[in-house]
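Here is the structure we will look at.
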Amino acid sequence: MAAGARDGYERDPGLQPERTRMAWRRTTLSCAVAGVLAARQALRGGPDPLAVLVVALIALVFLAFLGAANRRVHALATARPPALSTRAAVATAACTLALAALGAGLLR
């Protein structure tokens with residue numbers, strides 16, 4: 001007997017993965033918007049070589065985050081999605097911290 005069945009409630013296994021997939025997509029979209037706004041801010045006064053380098057690094061880190069998020073979204077499409085691996089969790093956290101640090105580096 002499942003834990004939820006004792007309470008007279010059967011958990012629908014499709015709802016939680018769907019919410020998680022949507023959360024990954026929202027997070028990816030918000031990272032894209034933040035990256036575009038950072039690039040706009042960096043290049044506003046003209047192309048400074050350091051600002052262009054930081055924007056390129058932001059794009060690279062975003063692509064790494066996008067790859068990790070895309071792998072997770074596809075993994076959640078299975079009937080019984082596996083747990084997020086420690087490696088993937090550390091990679092996404094590192095991408096988030098790198099984006100924050102690079103964004104803060106653009107503020108002068």
Side-chain angles (χ1 to χ4, degrees):
M1 179 179 255
R6 286 182 292 194
D7 303 331
Y9 171 74
E10 282 290 329
R11 180 183 169 272
D12 181 0
L15 294 178
Q16 183 61 44
E18 178 63 23
R19 285 192 300 266
T20 305
R21 266 194 309 275
M22 289 168 45
W24 276 102
R25 288 182 178 144
R26 282 190 308 268
T27 303
T28 303
L29 179 61
S30 65
C31 281
V33 170
V36 168
L37 291 175
R40 180 178 175 259
Q41 180 67 26
L43 302 175
R44 185 176 224 170
D48 174 24
L50 183 60
V52 171
L53 175 65
V54 172
V55 169
L57 288 173
I58 287 173
L60 186 65
V61 172
F62 170 72
L63 289 175
F65 182 82
L66 182 63
N70 192 34
R71 280 190 296 278
R72 186 62 187 156
V73 165
H74 285 294
L76 289 168
T78 61
R80 295 198 53 94
L84 182 64
S85 69
T86 303
R87 180 178 172 201
V90 169
T92 55
C95 286
T96 303
L97 291 174
L99 285 172
L102 289 168
L106 287 176
L107 301 175
R108 303 181 223 145

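Residues Pro82 and Thr78 approach most closely at CD-OG1, 4.1 Å, considering heavy atoms. When all heavy atoms are compared, the tightest approach of Val73 to Arg21 is O-CD, 3.6 Å. Closest approach of Pro81 and Ala75 over heavy atoms only: CB-O, 3.6 Å.
In this structure, CE in Met22 is found 11.5 Å from OG1 in Thr27, a value given to the nearest 0.5 Å. Separation of atoms OG1 (Thr92) and CZ (Arg71) is listed at 10.0 Å; rounding is to 0.5 Å. Leu102 contributes atom CG, which lies 10.5 Å from atom SG of Cys95 (distance to the nearest 0.5 angstrom). With values rounded to the nearest 0.5 angstrom, Thr96 atom OG1 is found 5.0 Å from Phe65 atom CZ. Between the CZ atom of Arg72 and the OG atom of Ser85 there is a distance of 8.0 Å, given to the nearest 0.5 Å.
By the rule that hydrophobic residues join a cluster once side-chain heavy atoms approach within less than 4.5 Å of another member, Ile58 and Val52 end up as members of separate clusters. Val36 is not connected to Val61 by any chain of hydrophobic side-chain contacts under 4.5 Å among Ile, Leu, Val, Met, Phe, Trp and Tyr, and they are in different clusters.
For the pair Asn70 and Trp24, the minimum side-chain heavy-atom distance is 4.5 Å or more. In this structure the side chain of Phe62 reaches within 4.5 angstrom of the side chain of Leu66, judged on heavy atoms.
By the side chain to side chain donor-acceptor pair (under 3.5 Å) test, Thr20 pairs with Gln16, sequence neighbours left out.
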